[in-house]
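Just so we're clear, the structure is a prediction, and the values are computed from it rather than from any experiment. Note that ligands are numbered from 1 as they come in the structure, with each ligand's atoms numbered from 1 the same way.
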Amino acid sequence: MDIFVDTADLDEIKEAESWGILNGVTTNPSLIKKAVDNAEGELSLEDHIIEILRTVDGPVSLEVTEIEHENMVNEAETLYDRFDDINGNVVIKIPVNTAMGKDEDNFEGVKAIKTLSESGIPVNCTLVMKPNQALMAAKAGAEYVSPFLGRIDDYIRDQMGLTRGDDYPKGTYYPSELTEMIRNFHMRRRISEQGPEQVVYKDKETMDLFAWGNDDGIVSGVDLVWSIKNILDNYSYKTEIIAASIRTARQVRQCAEIGAEIATIPFDVIEEMMVHYKTSEGMKAFDEDVIPEYKSLLK
Ligand code: G3P
């Protein structure tokens, strides 16, 4: 699995690059804002982006800001023409659906993906929250689709009345297995108390129970990645998955088990992937046991 770092912070990108395991970078307007605030004007934004592109020999996603098809395509072409010559690694990030309200057009994103892909500009389709969105982005020619794991976990928790905050800070694991166990427990109890013939699809309480703790059948961010992987494999789409909005090293491991091609990971979570208590403990023991004769052989 390729590892991208999900940041626009140059120090983080350079450090991750020095580890020798970095394959790319993803940015978005929020990450650019954070990086520019932290850098306190050391470089112009243009030079900052150029430095990112030079640092990494792999895809670097830059996002558009417009929401209509033609405007997105214009911005994407401007970004691509301005920056791709630096290191040949610009990928344009297009939201799968730019509608922010009910009456807005839901297909501006895929239209832009289609136009850009046909003209040879690689697209990373972002803000993917459901498998059908990924399917349509793949059909439109997206090179990458980015399902947002952490935000789907947040959303499901919200629907269950468990809002993120002090109780569920950003890196909290979302235990979808537990949710399913609780749902199954209540379902079994309903069936045994009322008999299976009463627990039918028209029964509102049963339907509410089915909908509890999932988003139209998707039980977690990791489950979203699993579903998208199956769909893309079923039809041999070349589109690759970038698992995004990652909050924990456990999610990275689960995405690797599923076979997601790429995970874009915050810097601190990449560090978390490398740390284990028993590794440090083992290192201390080895270090204490080095005898001088052995050390002298190594000089
Ligand atoms: O790659 C998308 C990512 O930057 C969003 O992450 O944690 O804000 O949902 P998050």
I'd like to know if [X] and [Y] make a salt bridge, using a cut-off of under 4.0 Å between side-chain N and carboxylate O.
| X | Y | value |
| --- | --- | --- |
| Glu17 | Lys14 | no |
| Glu118 | Lys114 | yes |
| Asp233 | Lys229 | yes |

4.5 Å side-chain heavy-atom contact, Ile242 and Asn124: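 With C-beta onward as the side chain, the pair touches.
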
Quick check: Thr264 and ligand 1, any N/O pair under 3.5 Å apart?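 No.
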
Enumerate the atoms of ligand 1 whose separation from the nearest heavy atom of Ala244 is less than 4.0 angstrom. 1 (O)

Close-contact set for ligand 1 against Phe148 heavy atoms, below 4.0 Å: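 Answer, ordered by atom number: 2 (C), 5 (C).
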
Return the closest protein heavy atom for [atom] as residue, atom name and distance.
| atom | value |
| --- | --- |
| atom 4 (O) of ligand 1 | Asp6 OD2, 2.7 Å |
| atom 7 (O) of ligand 1 | Arg247 NE, 2.9 Å |
| atom 6 (O) of ligand 1 | Ser245 CA, 3.5 Å |
| atom 8 (O) of ligand 1 | Arg151 NH2, 3.0 Å |

Would the Trp212 and Phe185 ring centres measure less than 6.0 Å apart?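 No, they do not, as the ring centres are separated by 6.0 Å or more.
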
Can you establish whether the number of heavy atoms outside Tyr155 located under 6.0 Å from its atom OH is more than 12?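 Atom OH in Tyr155 is not packed in, count stays at 12 or less.
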
Which segment of Asn28 sits under 4.0 Å of ligand 1 when only heavy atoms are counted: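 It is the side chain that gets close, since no backbone atom is under 4.0 Å.
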
